[in-house]
2 protein chains.
Amino acid sequence: MFKAMGHRLQELMILFFLAIFSKAAEGLKPCRAIVAPDAANNNYCLSWRLAVEANNVRGWWTVPARCLHYVEAYMVGGQYDRDIDLITEQILSYVSGIVLSGDGMDAWILDVDDTCLSNIFYYKGKRYGCDPYDPAAFKAWVLKERCTAIPAVFRLFQVLVESGFKVFIVTGRDQTLGQATIHNLHNQGFIGYERLFLRTASYKGQSAVAYKSDIRKQLVGEGYRIWGNVGDQWSDLQGEFSGNRTFKLPNPMYFVP
Amino acid sequence: MFKAMGHRLQELMILFFLAIFSKAAEGLKPCRAIVAPDAANNNYCLSWRLAVEANNVRGWWTVPARCLHYVEAYMVGGQYDRDIDLITEQILSYVSGIVLSGDGMDAWILDVDDTCLSNIFYYKGKRYGCDPYDPAAFKAWVLKERCTAIPAVFRLFQVLVESGFKVFIVTGRDQTLGQATIHNLHNQGFIGYERLFLRTASYKGQSAVAYKSDIRKQLVGEGYRIWGNVGDQWSDLQGEFSGNRTFKLPNPMYFVP
């Protein structure tokens, strides 16, 4: 009986050892995945992302397939948030140096998609931009009014409104998405902005640069001084009356011409 | 005895468990070391570098001290070269789509420092930009004529000249550095460009944007069509007559207003 008992315990110990060992091996797996095999790919995708952000790569339709995991890790792993936080610090430092005139004509422009509101949840289902743009699905997503505020941009928004800037929200979303956009901005706390501009039918098919330049021209015509302009696309920031300072937020998921 | 034996085995199992557990924990350490101590710093410096390249951080005097090792690793560890290679591919793809007029008025603009010629060797002695700009030392370095061609940009230069573009080299270096610049470009193979523009005394102290815009205005006035403009500073690419396409090469070592 003693022998049988010892044997039983021996077996148990082996099983126990195997269980612990496999657990330890599992614990190591995610670490290996971070460092070695995809390094060349990650280096390429980092170059690609940098080139997108510096506006060297333009007119791209989808994220390169080889960068799916890289872009996913970037968007949800913390670096995207850190990048936005650092840019927001720069913006707030610039804002703190502005002396407002007090005439109510000091203006600031913010974009909506992936500037005020995040579409990461939607793009997760589109393989973070590796799938092509799907206008119907995106429209359905917008109508759900479930975009979440990008925290750093929301803080910026609050500072701007409290400081006395007139904040104009200029979006490429068309007018059929007006109510949903207003609701979604509201349910995320974007309250107190001056006006929301949506793309009217006359700008359908036109570039965001042309449409957004015209809106800014109209504001400058009304007497506003555009101190700052923040967007996730270069087409938010280029063209005429772009603003005294422009700030490009990162977006490696899609390109808007 | 059975009871005592069971107890002994229980103790052994606990000891065994602790040994395995500590081994497993040790096994995780090297991995932790890879991701942990400098990770936060590297993440910050990556955000900073991205913000510099997207022109969100401007007017900086020195590289943040905490980013010395990061910038060094970036500049000499391969990623800088990879970034330039990817951008050059984009440029060459754009160039291949241009149909030249054949009238000899298709122009291209290249900057010198850290565009055609590399100053990495000099900046190594200036802690990759963590030390402040040192005009006298930089002048002495330039007079040595020992800058090396940036390989990808040199290939681009050759393609441009062979394709029939008139290449104009526009540098912020002043006229006292003219001979050294001509010699250095020549000894690195930059032969066949149309004209080299150096900063004349009248532009001393003026921004590169103003000076370089004036040069481009002059060229456009002469009838040239500026198809492309490549520089490592946003001030090479902003202002008037910037060119049909501009390309920003990376440079996290210094900022030229």
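Order of the sequence lines sets the chain letters (A, B, ...), proteins ahead of strands, with each chain counted from 1.
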Please flag which part of [X] lies under 4.5 Å from any non-hydrogen atom of chain A: side chain, backbone, both or neither.
X	result
B:Y94	neither
B:S93	neither
B:E53	both
B:I91	neither
B:W234	side chain

Quick one: are [X] and [Y] in side-chain contact, heavy atoms under 4.5 Å?
X	Y	value
A:T88	A:V230	no
A:L237	A:K212	no
B:Y193	B:F168	no
B:F190	B:F157	yes
B:D83	B:R49	yes
A:F241	A:I215	no
B:D113	B:Y254	yes

Identify the two heavy atoms, one from B:D111 and one from B:D232, that lie closest to each other, and give their separation to 0.1 Å. OD2-OD1, 2.8 Å
By number, which residues in residues 66-80 of chain A have some heavy atom less than 4.5 Å away from chain B? A:Y74, A:Q79
Pairs of heavy atoms under 4.5 Å with chain A: top-ranked of B:Q90, B:E89, B:R58: B:R58
Among B:L86, B:N55, B:L249, which has the most heavy-atom pairs under 4.5 Å with chain A? B:L86
Inspect the contact between A:D236 and A:K248 and indicate whether a charged nitrogen and a carboxylate oxygen are less than 4.0 angstrom apart. no
